[in-house]
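Reading through the structure tokens given below for one structure.
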Amino acid sequence: MADVSLDTDSNDPHELYARGIRALILQNYEAASAIISKAAELFVDYYKDDLHPEMGKVYLDYGKALLGYCREQSGALGCAVPKESLDEPDEDEGACTEEMDVSGACDTEEVEDNEEPESHDEPKETASCSAEPGPSIAEAEMENTSIAEEPTDLQLAWEVLELAKRIFEKSGDRKSLAEAMIVLGEIQLENAAYDKAIQDMTEGLAIQQELFGRDSRTIAETLYKLGMAYCINSQVNEAIHSFKESLAYLTNKIMALAAEDVSKSEFQDEITEIKGLLPEIKDRIFEMEAFKNEALKKAAEKITETSSSAASDPSPSSSKKATDISHLVKRKRQSEEVDKLSEEAACKKREVEGKS
């Protein structure tokens, strides 16, 4: 990672913003978030309006820098988990936790935790007779409340991106609005709000598909991110579809570059770069299809096992129905009683006739 100065002493918002963008491109998210934050404050003072149309891009880049910095600090466990509450990092990462930048190279940089472990040998407390009074209980509670209410980097990223979204909706900047929706989806993904993440990304994707063609690398990147969101949310069919669509867009891009009238050597680097991304997406598709087939196989085996068990072991209720003849016995008894009554009536009739 290239070194970018964290100096924010300048009072020129344009200068600071340009430096922040450079840090963002170089993936120095800590410097980018600090510098663009100062630039945003100066821009608001300059425009006298925190929802000025020119503030949209500033908020968008600030949110992207905060999200990148949040990911660095939290690693695979996500930004919503406070660092102080983490005991040990999770070494076994799932198949859906990596992120690939389809518009560029894969981001595989690991951030080392340089914090020194706290000592467990705490000194014993002793009574103090200092004449100076300590902070009151009310002051201590107010201090604790202010610390608890301080927004996290993830929450701050969401807030500034919501501002950017409002500005882009009002100004009609559809391209930037789509980008803001995608980044909002990524923030929701980090916050484990998977359904909301998919919704935001889908809305952003719909706008991009209105603006760009079938060979857009931007759409390919969005489809890959959406596929990862589906994967984490256990929506296997949707994940496979998104990954295949991403692959199709990149393939179309390669074909479009190869068909240009100008010398192919001008596009060879980009073609080579895109071809280097294809194996990763194909691996995702293979993993998802293998998972799906294994799940279907287990479900079929379960159904077969249940059917076989039912055929070889009939239930007691079925046996009872097959051997229950109580209704036949009842009908037979009723017939015998009718015959007996008829016979008694005939005998009485003959006795009456004999007397007469």
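Numbers here simply count residues along the sequence, with the first being 1.
Between Glu221 and Gln208, every side-chain heavy-atom pair lies at or beyond the 4.5 Å cut-off. Between Val44 and Asp49, the closest side-chain pair of non-hydrogen atoms is not below 4.5 Å. Counting only heavy atoms from C-beta outward, the side chains of Glu280 and Leu277 never approach each other to under 4.5 Å. Side chains of Leu24 and Tyr29 form a contact here, defined as non-hydrogen atoms less than 4.5 Å apart. Within the 4.5 Å cutoff, the side chain of Leu67 has no heavy atoms near those of the Leu161 side chain. With contacts defined as side-chain heavy-atom distances shorter than 4.5 Å, the pair Glu186/Glu190 does not qualify. Looking at heavy atoms from C-beta onward, Arg284 lies in side-chain contact with Met228 at the 4.5 angstrom threshold.
Atom CD1 in Ile187 sits 8.5 Å away from atom SG in Cys70 (nearest 0.5 Å). We find the CD-CD1 distance between Glu203 and Ile182 to be 9.5 Å, quoted to the nearest 0.5 Å. To the nearest 0.5 angstrom, Leu154 atom CG is 9.5 Å from Arg71 atom CZ. To the nearest 0.5 Å, atoms CG (Leu205) and CG (Asp200) are separated by 12.5 Å. Taking CG of Leu16 as the reference point, atom CZ of Arg19 lies at 5.5 Å (rounded to 0.5 Å). In this structure, CG in Leu156 is found 12.5 Å from OH in Tyr69, a value given to the nearest 0.5 Å.
In terms of heavy atoms, Ile36 sits closest to Gly20 at CG1-CA, 3.7 Å. Contact detail for Ala239 and Met288: the closest heavy-atom pair is CB-SD, 4.1 Å. Minimum heavy-atom separation, Arg214 to Ala248: NH2-CB, 4.5 Å. Residues Ser10 and Lys38 approach most closely at O-NZ, 3.7 Å, considering heavy atoms. Residue Met201 comes nearest to Gly185 through the heavy atom pair CE-C, 3.7 Å, listed as atom of the first residue, atom of the second, then distance. Val160 approaches Ala157 most closely through the heavy-atom pair CG2-O, 3.2 Å.
The side chain to side chain contact (heavy atoms under 4.5 Å, CB included) search around Ile207 returns Arg174, Leu177, Ala178, Leu211, not counting sequence neighbours. Not a single side-chain hydrogen bond (donor to acceptor under 3.5 Å, both in side chains) links Glu41 to another residue, sequence neighbours left out. Take Tyr59 and apply the side-chain hydrogen bond (donor to acceptor under 3.5 Å, both in side chains) test, not counting sequence neighbours, and it matches no residue. Ala193 meets the side chain to side chain contact (heavy atoms under 4.5 Å, CB included) test with Gln188, Lys196; sequence neighbours excluded. Applying the side-chain hydrogen bond (donor to acceptor under 3.5 Å, both in side chains) rule to Lys57 yields no partners; only residues at least two apart in sequence or on another chain are considered. Residues meeting the ring pair (Phe, Tyr, Trp, His ring centres under 6.0 Å) test with Phe243, sequence neighbours left out: Tyr224. The side-chain hydrogen bond (donor to acceptor under 3.5 Å, both in side chains) test applied to Glu54 returns no partner, not counting sequence neighbours.
Pairs passing the ring-ring contact (aromatic ring centres under 6.0 Å, His included) check and including a residue from residues 30-58, sequence neighbours excluded, read His14-Phe43, Phe43-Tyr47, Tyr47-His52. The side-chain hydrogen bond (donor to acceptor under 3.5 Å, both in side chains) analysis of residues 175-184, with sequence neighbours excluded, yields the pairs Lys64-Glu179, Asp173-Ser176. Pairs of residues two or more places apart, or lying in two chains, never qualify as salt bridge (charged side-chain N to carboxylate O under 4.0 Å, His left out) while including a residue from residues 151-160. For the side-chain hydrogen bond (donor to acceptor under 3.5 Å, both in side chains) condition, the pairs that include at least one residue of residues 231-243, sequence neighbours left out, are Asp195-Asn233, Asn233-Gln235, Asn237-Lys292.
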Q) What's the verdict on salt bridge (Lys or Arg N to Asp or Glu O under 4.0 Å) for Lys253 and Glu273, showing C-alpha distance, side-chain angles and the deciding distance? A) CA-CA 11 Å; Lys253 184 64 175 179; Glu273 181 184 2; over 6 Å; no
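In this structure a side-chain-to-backbone donor-acceptor pair under 3.5 Å is present from Ser33 to Glu30.
Residues Tyr249 and Met255 fall into different hydrophobic clusters, defined by Ile, Leu, Val, Met, Phe, Trp and Tyr side chains chained together at heavy-atom separations under 4.5 Å. Grouping the Ile, Leu, Val, Met, Phe, Trp and Tyr side chains by contacts below 4.5 angstrom, directly or via other members, places Phe286 apart from Leu250.
Surrounding CZ of Phe291 are at most 12 heavy atoms belonging to other residues, nucleotides or ligands under 6.0 Å away.
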Determine all donor-acceptor pairs shorter than 3.5 Å in which one atom belongs to a side chain in residues 162-172; sequence neighbours excluded.
{"residue": "Ser171", "atom": "OG", "partner": "Ile167", "partner atom": "O", "Å": "3.0"}
{"residue": "Ser171", "atom": "OG", "partner": "Phe168", "partner atom": "O", "Å": "3.4"}

